[in-house]
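Presented below is the structure to which this report refers.
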Amino acid sequence: MSDSPQIIVLFSGGLDSLLTAKLLERQGLAVRCLHFYSPFFGGEAVAARWRKIYDLDIATQDVGPQFAAMLRQRPEHGFGKVLNPCVDCKILLLREARKYMESVGAKALASGEVLGQRPMSQRRDTLNVIMRDAAVADILLRPLCAKHLPPTPVEESGLVDRSRLLGIWGRGRTEQLSLAKEYGIKEIPTPGGGCRLTERENARRYWLVLTRLPEPSASDFTLANLGRQFWHSEGQNHYWLCVGRNSADNDLLAAAAGPDDLILRMRDMPGPLALARNGALWPEDVLRTACQMTASYAPKAVATGGDVFVRARRGEEFTDVSVPTQRCEDLWNEPAWDEIKGVIRAEARERQAAQDAAKAAAREARYEAERLEAGREDDPTGA
């Protein structure tokens, strides 16, 4: 890792960010890649492999808490087709990247965005909004499409040679693949963005976490990625149960348990591990049905044809609960995407209407203030 990077490249691990780093290295710059990760994208573990196969200086940073806060407040620029806040995501990452850049003494940021590549976040007007709202206009460079954009302060400073930057445009990958071959990159990253918020199955899980927990955290969204997900609601009270599908899920769920969570397992036979989020605070009847759901996914328990014991453990304390193995899907379920989508869209319409009303009120207030000021100027007596 370079002690004195000159430019920080936002590094997703995709082909565009990889080419951006290599392109700038070819200009003789000391480049450090910065890989952000959260419950929705990226991962710290993959950076070690990228360093080896791409021979890059790569730092990692967790932005899960910042991303969870943005979702709780709702993205200012809205969601895409699913639950993807692409514009606000770019703004958030660039703001965090600027902080990192300043902390290590680098002079500029670079991103792998390509004008026209993505319909929501890579239009010309949107690129300008992102740069403005992230407050990075003075330090941001987009090397792959620079020749379609006005010269930036980074180019004008002489840090980079604009003539050696590129003018890629659109959704194709022909130019990028050709450049990867020129650079000797043998392992080509897949074109998919890798954001779980763009996938319906994940998005419906996240929406329930976002709307049914009072203050969802990054760890809650991480938990939503694991196993089978079930919710039970009674009025304003919502209960969340995660049931492992395999041993890997079981291990991750056990590791994710918080101080008020309960771990549910079959007492006398093999079966899945389940996590009852804040289960120590649940009513007894709700916990009993959660134990029943857990037992219903244990084939040997179901084969007995009778009641079985599920152990509910919190730390060193445990309770054994005798339950039947019939699945109670009328109590524990997860809404389908189409139902979730309607709720998301309805909330977005309400939010947009409120924003439009606030803007109209602000315009009216400005107009009234200007009218009163003009009246005072027309009346020299000040009456």
Side-chain angles (χ1 to χ4, degrees), residues 10 63 65-102 107-111 113-142 145-159 162 167 169 197 210-211 215 341-383:
L10 276 73
V63 291
Q66 296 93 318
F67 217 94
M70 182 259 284
L71 291 177
R72 289 195 302 267
Q73 296 160 10
R74 301 299 188 269
E76 181 180 348
H77 298 279
F79 295 114
K81 289 185 178 180
V82 187
L83 200 63
N84 45 311
C86 296
V87 176
D88 292 83
C89 173
K90 294 279 188 180
I91 293 168
L92 186 156
L93 298 186
L94 283 168
R95 286 174 178 166
E96 294 300 318
R98 176 158 202 155
K99 295 176 188 176
Y100 179 85
M101 180 203 79
E102 292 172 346
K107 299 177 180 178
L109 298 177
S111 72
E113 293 156 304
V114 171
L115 185 63
Q117 187 176 82
R118 298 187 184 278
M120 183 176 178
S121 62
Q122 295 185 26
R123 303 191 313 264
R124 186 181 299 273
D125 59 336
T126 309
L127 290 179
N128 290 333
V129 167
I130 290 169
M131 187 164 58
R132 179 199 69 201
D133 289 2
V136 292
D138 57 328
I139 56 167
L140 180 63
L141 179 68
R142 293 168 169 132
C145 62
K147 292 184 177 178
H148 289 295
L149 302 171
T152 64
V154 178
E155 297 159 74
E156 293 169 342
S157 72
L159 181 66
R162 181 177 172 85
W169 180 89
L197 287 160
L210 188 60
T211 56
E215 191 77 6
K341 178 176 67 175
V343 176
I344 295 172
R345 298 295 180 264
E347 186 193 270
R349 287 193 295 270
E350 291 177 8
R351 189 168 59 250
Q352 186 62 54
Q355 291 173 351
D356 291 345
K359 289 177 182 178
R363 285 196 300 269
E364 182 64 27
R366 286 197 302 271
Y367 170 77
E368 183 63 17
E370 290 168 359
R371 187 183 68 79
L372 292 173
E373 182 63 28
R376 284 192 292 268
E377 289 176 357
D378 291 341
D379 184 357
T381 68

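For the single chain, residues carry numbers from 1 onward in sequence order.
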Query raised in the report: Rounded to the nearest 0.5 Å, how far apart are CD1 of Ile91 and CG of Asp133?
Result: 4.5 Å
Query raised in the report: So, Glu368 side chain and Ala365 main chain: donor-acceptor pair closer than 3.5 Å or not?
Result: no
Query raised in the report: Which pair of non-hydrogen atoms, one from Trp169 and one from Leu115, has the smallest distance, and what is that distance?
Result: CD1-O, 3.2 Å
Query raised in the report: Only one of Arg132, Arg98, Lys107 forms a salt bridge (charged side-chain N to carboxylate O under 4.0 Å, His left out) with Asp138, so which one is it?
Result: Arg98
Report summary line: One should read off an interatomic distance between Phe79 CZ and Lys341 NZ, to the nearest 0.5 angstrom, of 15.5 Å
Requested in this report: Enter the distance from His77:NE2 to Cys86:SG here, rounded to the nearest 0.5 Å.
Outcome: 12.0 Å
Report task. Quick one: pull up CE in Met101 and CG in Leu10 and give me the separation to the nearest 0.5 Å. Result -> 11.5 Å
Query raised in the report: Between Leu140 and Val154, which heavy-atom pair has the shortest distance, and what is it?
Result: N-CG2, 4.0 Å
Report task. Compare every heavy atom of Arg142 with every heavy atom of Ser111, then report the nearest pair and how far apart it is. Result -> OG-CG, 3.6 Å
Query - Shortest non-hydrogen contact from Glu155 toward Arg162 - result: OE1-NH1, 2.6 Å
**Report entry** Ionic contact status for Glu370 with Arg366, cut-off 4.0 Å
**Finding:** no
Query raised in the report: About how many Å separate CG of Leu141 and CD of Glu113, when rounded to the nearest 0.5 Å?
Result: 10.5 Å
Report task. Check whether any side-chain heavy atom of Asp356 lies under 4.5 Å from a side-chain heavy atom of Gln352, and answer yes or no. Result -> yes
Report task. Could you grab the distance from atom NZ of Lys90 to atom CE of Met131, nearest 0.5 Å is fine? Result -> 13.5 Å
Report summary line: Looking only at heavy atoms, the pair that brings Leu92 and Gln66 closest together is CD1-O, 3.6 Å
Requested in this report: Taking all heavy atoms of Pro85 and all of Leu197, pick out the closest pair and write down the distance.
Outcome: CD-CD1, 3.8 Å
